[in-house]
Enquirer: 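Before anything else, here's the structure in question.
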Amino acid sequence: MNNQVEIITPKEPESRICMVSFKPKNKDYEVAYREISQEGFRIRIVPEGGINAIRISTHIYNQKSEVDSLLSAVQKVLG
């Protein structure tokens with residue numbers, strides 16, 4: 001998805017947790033947020049400090065199939 005998003009989550013393992021933040025490359029982040037939300041996912045926008053990104057938070061209770069569905073929705077919206 002490199003041509004669709006810029007991942008802004010830190011790369012070093014000690015700085016990562018269960019959240020991933022990204023900026024859409026080809027669509028306004030607020031528009032993308034609304035469209036991904038309409039696919040049935042609860043995500044958050046991060047406008048603070050001009051970050052203008054989308055944050056996805058997973059939890060131990062999420063199944064791999066749910067994460068795969070989210071990624072498919074992101075690709076659909078940004079594709």
Side-chain angles (χ1 to χ4, degrees):
M1 295 176 55
N2 285 336
N3 62 338
Q4 295 173 317
V5 299
E6 173 190 356
I7 304 292
I8 60 172
T9 299
K11 292 184 173 139
E12 49 293 331
E14 62 274 6
S15 299
R16 288 191 252 159
I17 55 174
C18 61
M19 292 184 274
V20 175
S21 297
F22 67 91
K23 293 182 177 189
K25 289 185 176 179
N26 60 354
K27 190 176 281 199
D28 179 77
Y29 79 105
E30 291 177 304
V31 173
Y33 160 77
R34 283 191 298 275
E35 292 177 2
I36 295 166
S37 295
Q38 289 172 352
E39 293 289 324
F41 296 97
R42 294 180 67 194
I43 58 177
R44 178 180 185 272
I45 55 171
V46 186
E48 298 90 7
I51 293 175
N52 300 342
I54 295 171
R55 179 174 293 155
I56 297 170
S57 301
T58 58
H59 195 277
I60 191 169
Y61 302 110
N62 289 110
Q63 297 178 1
K64 182 183 181 307
S65 61
E66 293 171 314
V67 175
D68 290 341
S69 293
L70 172 63
L71 291 174
S72 292
V74 171
Q75 285 182 312
K76 175 184 171 186
V77 166
L78 299 181

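FYI, the numbering just counts along the sequence from 1.
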Enquirer: Do you reckon Val20 sits in the same ILVMFWY cluster as Phe41, going by side-chain contacts under 4.5 Å, direct or chained?
Expert: yes
Enquirer: Nearest 0.5 Å, please: how far is CG in Leu70 from CD1 in Ile43?
Expert: 7.0 Å
Enquirer: What distance do Glu30 atom CD and Asn52 atom CG have between them, rounded to the nearest 0.5 Å?
Expert: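 Result: 7.5 Å between the selected atoms.
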Enquirer: Does Met1 offer a backbone N or O that forms a donor-acceptor pair with the side chain of Gln4 under 3.5 Å?
Expert: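 Side chain of Gln4 to backbone of Met1, a donor-acceptor pair under 3.5 Å: no, none is there.
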Enquirer: Looking only at heavy atoms, what is the nearest atom pair of Lys27 and Val77, with distance?
Expert: NZ-O, 2.9 Å
Enquirer: How far does CD1 of Ile56 sit from CZ of Arg44, to the nearest 0.5 angstrom?
Expert: 13.0 Å
Enquirer: Could you tell me the separation between the CG atom of Asp28 and the CZ atom of Arg34, rounded to the nearest 0.5 Å?
Expert: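 Result: 7.5 Å between the selected atoms.
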Enquirer: Do the side chain of Ser21 and the main chain of Thr9 share a donor and acceptor less than 3.5 angstrom apart?
Expert: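 Flag not set: sc Ser21 to bb Thr9 has no pair under 3.5 Å.
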Enquirer: List the atom of Tyr29, the atom of Pro47, and the distance in Å for their closest heavy-atom pair.
Expert: OH-CB, 3.4 Å
Enquirer: Same cluster or not: are Ile7 and Leu78 linked, directly or through other Ile, Leu, Val, Met, Phe, Trp or Tyr residues, by side-chain heavy atoms under 4.5 angstrom apart?
Expert: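 Linked within one cluster.
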Enquirer: For the atom pair CG (Asn26) and NZ (Lys23), what is the distance rounded to the nearest 0.5 Å?
Expert: 14.5 Å
Enquirer: Can you name the nearest heavy-atom pair linking Asn62 to His59, along with the distance?
Expert: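 Looking at all heavy atoms of both residues, the closest pair is OD1-N, 2.7 Å.
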Enquirer: Considering all heavy atoms of both residues, which atom of Phe22 and which atom of Val74 are nearest to each other, and what is their separation?
Expert: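 Shortest heavy-atom separation between Phe22 and Val74 comes out as CZ-CG1, 4.2 Å.
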Enquirer: Quick one: pull up CD1 in Ile36 and CD1 in Ile54 and give me the separation to the nearest 0.5 Å.
Expert: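 Result: 4.0 Å between the selected atoms.
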Enquirer: Looking at Lys76, I'd like to know if its NZ atom is crowded, meaning that more than 12 non-hydrogen atoms belonging to other residues, nucleotides or ligands lie closer than 6.0 Å.
Expert: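 Incorrect, the count does not exceed 12.
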